[in-house]
Amino acid sequence: MTSSSSTALRLALQLAGPAAGDALAERLRPQVVAAVGERFHLPAEAVEALTARGEHGLRQAMTEDVAEFLERALGTGDPEIAHLLYVREKRRTPGFLSAILAAADPADGRWYAPDGLVPTVLETTAGLALEPALRAPFPELVAHAVLQLGRELPSAVVLDACRRLAAAGGPAEIEKLAKSIEETPDELAHKGLAGLLRTAAAAPDPVAALQDRRPSAAWTDPAHAHALLQVRLGERHVSQPAGLGPEAIREEHERRPFGPTPMDGGRWQRDTRDCLVRWESCPDDVIAEYHRVAPFSACNIAARLPFEVLTEPGASTDRIAVPEVIGRGLRAGWFPAHRVLREVGPARETLAALPYDHEPTRRAVAELVAPLGTDPVNWLTFYARTGTARGTAAELVAEAAAPDSPAKRTTTWPRPLAAVFPATAPRDARKVFLRVLRCAPEAVQIAVVPHLDARAVQHFLVYGDPAPAVREAIVAAHGVPALVSYAAHRNLPAATLEFLLDLDEPAVDAHLFAYCHIDQRERERMLAGRLRGGGTRAAVPDDLLDALDEVNLAHYRAWLIAGLESGDLGVARKVVGRLKLQLPAARLRLLIAVWERGGPDAVRDILAMNRLPVTLRRQTEKLLDAPDGLARLRDRLAAEETPVKLAAHRSDRLEAEGIPIPWPAMADALRAGALPEGAAAHLARHPDCPRDIQLEALRSTRAPAFRNDSNGDAWVRRGLASGALTVEDILAHAAPARAALNHLLLATSSSSPDGDGRAVGALITALTDEHLDGDVEAWAVCLQLLPTFAGTLPELISTAGAVARG
């Protein structure tokens, strides 16, 4: 929704009501005609012709749904309107053609004019746009539609169209169609159709003869034939119509098999099964045929797949599609998990394809590996053989659990690897082993985890989400390095983060800081040296200081800003060394914190880095030996953090420098009139901005450029959506009126609840009823003032009413 005059005009015509709206449309006829033309994409003279009838006037054209208005106009049976839209403006949609043909009188010769509807439709050679012609009152159009679309339609639907042709044109038209069908290579894929039509044409009652030959109860629902036609014509996303069963689809497949169809020029092919397999009613044999030629597509789009696609000759999980099929099939309940584990191989690909968050699958895997027990050798052997096993998963487990197997048993982790930082997801046999082990009972996991290598330990902790008892067994066996590797992942669960943070282990904290999405307050705590268990470290550990050197400032500058008020000398040196602090308040905060924690000598150390402005360094050096030096430095900070000083900077700039916005003081300064002009508009964009500042900011908003405008006054839309602002707020405070109107229109958009739209409509209706009260002149004045009126929307409406009355 935009702020265009046509939008306001449309709203006015809606609110004014039928009588006043019609009068207002006539009062502003040139503007309304132009707006209708813009809305319908029609020239002005075409608008005049389209709205000449009283029931299709200008007000209706502006206020009703465009498609509904046009279909209603076409449904009048007026050949001139049909010519205007369908022929001249080329609005060749099936809905429009249906409306035209349903109301058309074949006796009116204008339909047959050289540039009339009938010759135009006869030029259409194929496609869904021609489908309504199957039910046309014009014999020529029915015959043409049968010849163009008959190959794609079931015999019953073709016979229904021929019955209409017989009723409209008589035996001669049926005989003519039979001759045309006979000249096609295969009788439109309906064997014997031409002879059947000739027999019907010779019968005393051709319509009854065709009805007798129609398969009873087959394809009687128009939605079924329409969906099939969409499929035949190559559309890929066609909803399955209710009641269309697999028997009817199979009969169609036997008549004319679904499959690849050459496109224009024969350059590439479309496969009609791309759509059909998405339907639950698609027969299994059609799905299986499609899977053989397009396995990857089948596993992604089919509504279901028969189990045989996994086991039939040629099926192999080495092909990328079959693992996808296993995952989908188990989740959807197509395949029993036990059968997949017993019958589908090779084992690694099958086990890798299982959906391990699917509880029935997890239970099946737990039963599968039960023979491995708590013997680590069995599990290590299972891991070692996973990559090369060619049999099923059940066969792999049986071999690994057999102590008398001729193959070599594995007693230590093969090819051990160190942990990596940050953690990377497991792959191949490691991934399979981890997932399978997670399905085993805790006692089994506790027995096995001491024998994992460092990489597997990291994988099991980070991606395995172990139970507390299993985690304790891992730490007992592998020590602090296991915890350090645990902390090297970006998205750890909240409970895991709490566990690791509570350790207060320097190396763990350093990895959490460097690799994890932790709260900014946790970063501030770490850089201040405060322990979760209580107390403060004398100095921030080197591990954490080293992590600050690796921070990517382009993306994570805030991570260093977290140390702004740490006071720790090592942290302050990193912050000053890597960041160019822009705001005086940020520099002063850092120096004060260092002085409070380390004294004047620590401040001298920071100043000696020559990274702060010369004037600040000289002023601060003079204070270092003064008895009240720290207090005077705090006074300077207070002067820099007054609301007037802070309001001169954008709120996101303050946030980037770690400067909190003193909202109560800002609100006081606003009420005292001390804030700079435009400061409220900048502050209002901040998510924490208090309501009274937002209301002030409403007094100077702009109309959004488009619905998803992410700049300017998009905060108004967010406030309305969250409930922080109300429609009453917009009416009472938002200005100018043009912007206020657009904010209200956004509030009633399709993304808002219907109740919100009704509430807004009721409020605006009450306002217009009070001040305009059906006065056409008052409405016209209101629309004329809207583009330049500087006040609120209620002030505009009341002013327009006063002008019209005065």
Side-chain angles (χ1 to χ4, degrees), residues 92-95 97-98 124-135 144-162 184-191 193 214-215 217-306 309 328:
R92 308 288 173 81
T93 68
L97 184 58
S98 292
T124 305
T125 57
L128 288 170
L130 192 58
E131 184 185 13
L134 292 166
R135 300 175 291 277
H144 178 66
V146 168
L147 290 171
Q148 295 297 324
L149 301 178
R151 189 181 306 278
E152 321 295 345
L153 294 168
S155 298
V157 177
V158 173
L159 289 178
D160 287 342
C162 292
T184 63
D186 58 353
E187 294 188 277
L188 301 179
H190 296 282
K191 187 176 181 180
L193 177 59
R214 188 194 193 281
W219 300 97
T220 54
D221 188 336
H224 294 180
H226 177 68
L228 178 69
L229 184 58
Q230 288 179 292
V231 172
R232 290 289 195 188
L233 293 177
E235 295 197 16
R236 294 194 174 191
H237 302 286
V238 182
S239 299
Q240 175 182 337
L244 181 57
E247 297 80 9
I249 297 174
R250 184 175 288 106
E251 289 175 2
E252 266 300 286
H253 185 52
E254 292 171 356
R255 178 187 72 83
R256 184 176 169 227
F258 296 101
T261 303
M263 294 294 288
D264 292 340
R267 289 175 294 178
W268 62 283
Q269 292 184 328
R270 65 186 176 215
D271 195 321
T272 53
R273 294 168 298 188
D274 286 343
C275 171
L276 201 59
V277 297
R278 302 171 193 265
W279 295 1
E280 288 288 346
S281 61
C282 185
D284 284 353
D285 52 344
V286 176
I287 298 174
E289 287 176 14
Y290 182 69
H291 182 268
R292 292 186 196 106
V293 297
F296 187 72
S297 293
C299 76
N300 280 292
I301 67 175
R304 70 180 191 288
L305 289 170
V309 301
R328 280 199 69 199

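Checked against F258 for a side chain to side chain contact (heavy atoms under 4.5 Å, CB included), the options D271, V277, L228 give a single hit: L228. If you run side chain to side chain contact (heavy atoms under 4.5 Å, CB included) between R273 and each of P260, S297, C282, P257, only P260 comes through.
Side-chain contact check for Q240 versus S281: some heavy-atom pair is nearer than 4.5 Å. Side-chain contact between H226 and L128: present, with at least one pair of heavy atoms (C-beta onward) separated by less than 4.5 Å.
Residues that satisfy the salt bridge (charged side-chain N to carboxylate O under 4.0 Å, His left out) test with D221, not counting sequence neighbours, are absent from this structure. Evaluation of the side chain to side chain contact (heavy atoms under 4.5 Å, CB included) rule for E251 yields no partner, not counting sequence neighbours. Under the ring-ring contact (aromatic ring centres under 6.0 Å, His included) criterion, H224 pairs with no residue at all, not counting sequence neighbours. For D274, the salt bridge (charged side-chain N to carboxylate O under 4.0 Å, His left out) criterion is met by R236, not counting sequence neighbours. Residues forming a side chain to side chain contact (heavy atoms under 4.5 Å, CB included) with P222 (at least two apart in sequence, or on another chain): none. By the side chain to side chain contact (heavy atoms under 4.5 Å, CB included) test, P215 pairs with A156, L159, A218, sequence neighbours left out. With sequence neighbours excluded, no residue forms a salt bridge (charged side-chain N to carboxylate O under 4.0 Å, His left out) with R328. Considering only residues two or more places apart in sequence or on other chains, E235 meets the side chain to side chain donor-acceptor pair (under 3.5 Å) condition with Q230. R250 is linked by a salt bridge (charged side-chain N to carboxylate O under 4.0 Å, His left out) to D285, counting only residues two or more places apart in sequence or in another chain. Partners of R255 by side chain to side chain contact (heavy atoms under 4.5 Å, CB included), not counting sequence neighbours, listed by chain and number: S155, A189, H190, R232, E252. Checked against side chain to side chain donor-acceptor pair (under 3.5 Å), S98 has no partners two or more places apart in sequence or in another chain.
One distance of note links CG of L130 with CG of L149; it measures 4.5 Å at 0.5 Å rounding. Taken from CZ in R278 to CG in N300, the straight-line distance is 9.5 Å, to the nearest 0.5 Å.
Listed by first and then second residue, the salt bridge (Lys or Arg N to Asp or Glu O under 4.0 Å) pairs involving residues 293-305 are D284-R304 (not counting sequence neighbours).
Contact detail for L305 and C299: the closest heavy-atom pair is CD1-CA, 4.0 Å. Here the closest heavy-atom approach between residue A145 and residue L134 is recorded as CB-CD2, 3.7 Å. Across all their heavy atoms, P295 and V293 have their closest contact at CD-C, 3.6 Å. Residues L233 and R270 share a closest heavy-atom pair of O-NH1, 3.4 Å.
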Side chain to side chain contact (heavy atoms under 4.5 Å, CB included) assessment of L276 paired with V286:
CA-CA 9 Å; L276 201 59; V286 176; 4.2 Å; yes

Please walk me through it: do I287 and W279 pass side chain to side chain contact (heavy atoms under 4.5 Å, CB included)?
CA-CA 10 Å; I287 298 174; W279 295 1; over 6 Å; no

Test V157 against L229 for side chain to side chain contact (heavy atoms under 4.5 Å, CB included), laying out the working first.
CA-CA 11 Å; V157 177; L229 184 58; over 6 Å; no

What's the verdict on side chain to side chain contact (heavy atoms under 4.5 Å, CB included) for L97 and E131, showing C-alpha distance, side-chain angles and the deciding distance?
CA-CA 9 Å; L97 184 58; E131 184 185 13; over 6 Å; no

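Side-chain N or O atoms of H291 include none that pairs as donor or acceptor with a backbone N or O of P306 at under 3.5 Å. At distances below 3.5 Å, at least one donor-acceptor pair connects side-chain atoms of T272 with backbone N or O atoms of G259.
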